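Each remark here refers to the structure printed beneath this line.
What's counted below: heavy atoms across the whole structure, side chains too, no hydrogens, waters or symmetry copies. Here is the naming used below: chain letters follow the sequence lines, and residue numbers restart at 1 for every chain. Model, not experiment: these values are computed from the prediction.
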2 protein chains.
Amino acid sequence: MTNDTIPAARIDVAPEEACPITPVVGIVFSRWTTPILWVLNEYGRHRFVELERRIATITPKVLTERLRQLERDGLVVRTYHPEVPPRVEYEISELGRSLAPLFASLAGWSINLGKVEQARLDYDAREPVRGRRT
Amino acid sequence: MTNDTIPAARIDVAPEEACPITPVVGIVFSRWTTPILWVLNEYGRHRFVELERRIATITPKVLTERLRQLERDGLVVRTYHPEVPPRVEYEISELGRSLAPLFASLAGWSINLGKVEQARLDYDAREPVRGRRT
DNA sequence: CGGAATCCACCACGATACTG
DNA sequence: CAGTATCGTGGTGGATTCCG
């Protein structure tokens with residue numbers, strides 16, 4: 001505990017981000033990951049096509065990519081059943097499940113979506129006044 | 001509490017997303033918004049350049065864009081002081097401040113980053129076995 | 001200082017095949 | 001069924017320049 005530990009340093013924070021949660025956001029909230037994790041968490045194990053249908057607007061290619069990434073990050077578990085026809089199942093991992101309270105929090109914040117919508121209307125209503133001074 | 005509330009409907013979920021938190025994610029976790037909100041929430045009101053320096057890797061163009069978006073969504077308040085030289089200050093709004101617990105949750109989940117890293121190492125270690133069957 | 005305007009590069013995503 | 005391969009594009013972000 002001598003003073004040869006980090007010398008207070010500049011407050012410039014990390015070189016990368018001024019924000020400690022950025023890495024988590026990158027992992028958990030990159031495109032399509034939330035619908036996938038939500039579905040797996042909420043409705044349990046799914047086959048590929050089931051996910052595809054459940055999410056509907058995702059293409060198989062992108063679904064594959066995202067599932068790979070989630071599997072790699074340890075948030076999703078992939079199980080291959082060597083049958084004919086082949087069957088693959090995806091389920092949320094324990095690590096993935098640990099995100100549940102977070103998701104619940106997020107869902108809870110949804111009650112504020114109306115305020116956001118209203119803020120947008122207000123903003124758009126007074127913004128045509130070009131120049132945006134004041 | 002009669003059964004004339006939402007008639008069960010199809011479970012096909014929303015047409016857009018199979019996931020109710022997607023809208024919130026779009027608003028709160030789009031690119032750069034977290035560092036900005038985090039800084040404003042954590043360190044209070046900032047001038048444009050201060051934010052620029054604090055975040056460091058962001059370009060003024062993108063910073064402007066994101067600040068506009070956040071202002072429009074009611075998460076950030078912009079105050080213009082007509083002086084010479086001009087001075088503009090950004091601070092988090094009450095609505096933005098309501099995200100604080102969420103951010104704290106996220107920050108708390110950071111303890112799992114090591115597990116993610118380990119999962120990646122494991123995955124990469126066994127993946128060179130091409131074919132990815134099993 | 002606090003931006004706006006312009007130009008450009010990249011790649012994530014979508015669409016459309018095809019396969020074990 | 002559960003993907004992979006290939007191609008094309010648009011939209012986002014970076015770099016640069018200029019302005020009130």
Shortest non-hydrogen contact between [X] and [Y], atoms and distance:
X        : Y        : answer
A:Tyr90  : A:Leu40  : O-CD2, 3.5 Å
B:Leu113 : A:Pro23  : CD1-CB, 3.9 Å
B:Ser93  : B:Gly74  : OG-O, 2.6 Å
B:Val24  : A:Ser110 : CG2-OG, 3.4 Å

Tell me which nucleotide among [options] gets nearest to the side chain of [X].
X       : options                : result
B:Thr59 : C:dC13, D:dG14, D:dG13 : D:dG14
B:Thr64 : D:dA2, C:dG3, C:dC1    : C:dG3
B:Arg66 : C:dC13, D:dG3, D:dG13  : D:dG13

Step through the shown structure and confirm whether more than 12 heavy atoms of other residues, nucleotides or ligands are within 6.0 Å of CD on B:Glu94.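 12 or below, so no.
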Pi-cation contact, A:Tyr80 with A:Arg87 (under 6.0 Å, within 45°):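 No, A:Arg87 does not lie over the aromatic ring of A:Tyr80.
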Go through the structure and list residues passing ring pair (Phe, Tyr, Trp, His ring centres under 6.0 Å) with A:Phe29, not counting sequence neighbours.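 Checked A:Phe29 against ring pair (Phe, Tyr, Trp, His ring centres under 6.0 Å); matches are B:Phe29.
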In sequence, state the C-alpha distance, the side-chain angles, and the governing distance for A:Gln69 and A:Ser30, and then conclude on side-chain hydrogen bond (donor to acceptor under 3.5 Å, both in side chains). CA-CA 10 Å; A:Gln69 175 193 315; A:Ser30 57; 3.2 Å; yes
Take the protein atom [atom1] of [X] and the nucleotide atom [atom2] of [N], then report the distance between them rounded to whole Å.
X       : N      : atom1 : atom2 : answer
A:Glu52 : C:dG14 : CD    : C1'   : 13 Å
B:Phe48 : C:dC1  : CZ    : P     : 11 Å
B:Arg45 : C:dG2  : CZ    : P     : 13 Å
A:His46 : D:dC1  : NE2   : P     : 15 Å
B:Leu67 : C:dC1  : CG    : C1'   : 14 Å
B:Glu65 : D:dT12 : CD    : C1'   : 8 Å
B:Glu71 : C:dG3  : CD    : C1'   : 13 Å
A:His81 : D:dC1  : NE2   : P     : 15 Å

When you match B:Pro60 and A:Ile58 each to their closest nucleotide on DNA chain C, which lands nearer the 5' end?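 Between the two, 5'-proximity favours B:Pro60.
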Counting only side-chain N and O atoms of [X], is one of them less than 4.0 Å from OP1 or OP2 of [N]?
X       : N      : result
B:Arg47 : C:dC1  : no
A:Tyr80 : C:dG20 : no
B:Arg78 : C:dG3  : yes
A:Tyr90 : D:dG3  : yes
B:Arg68 : C:dA4  : yes

Scan nucleotides 5-11 of chain D nucleotide by nucleotide, 5' to 3', and note B when protein non-hydrogen atoms come under 4.0 Å of the base, S if they reach only the sugar-phosphate, - if neither. -B-----
Please step through salt bridge (charged side-chain N to carboxylate O under 4.0 Å, His left out) for the pair B:Arg72 and A:Asp122, ending with a clear verdict. CA-CA 8 Å; B:Arg72 190 172 105 101; A:Asp122 293 351; over 6 Å; no
Applying a 4.0 Å non-hydrogen cut-off, can you work out what B:Pro86 is touching in the nucleic acid: base, sugar-phosphate, or nothing?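 Answer is base: heavy atoms of B:Pro86 come under 4.0 Å of a base.
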Using the C1' atoms of five pairs at each end, what's the angle between the two axes of the helix from C:dC1-D:dG20 to C:dG20-D:dC1, to 10 degrees?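 Answer rounded to 10°: the end axes differ by 50°.
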Identified side-chain contact (heavy atoms from CB on, under 4.5 Å) counterpart of A:Glu89 within the set A:Glu50, A:Arg78, A:Arg47: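 Only one of A:Glu50, A:Arg78, A:Arg47 forms a side-chain contact (heavy atoms from CB on, under 4.5 Å) with A:Glu89, namely A:Arg47.
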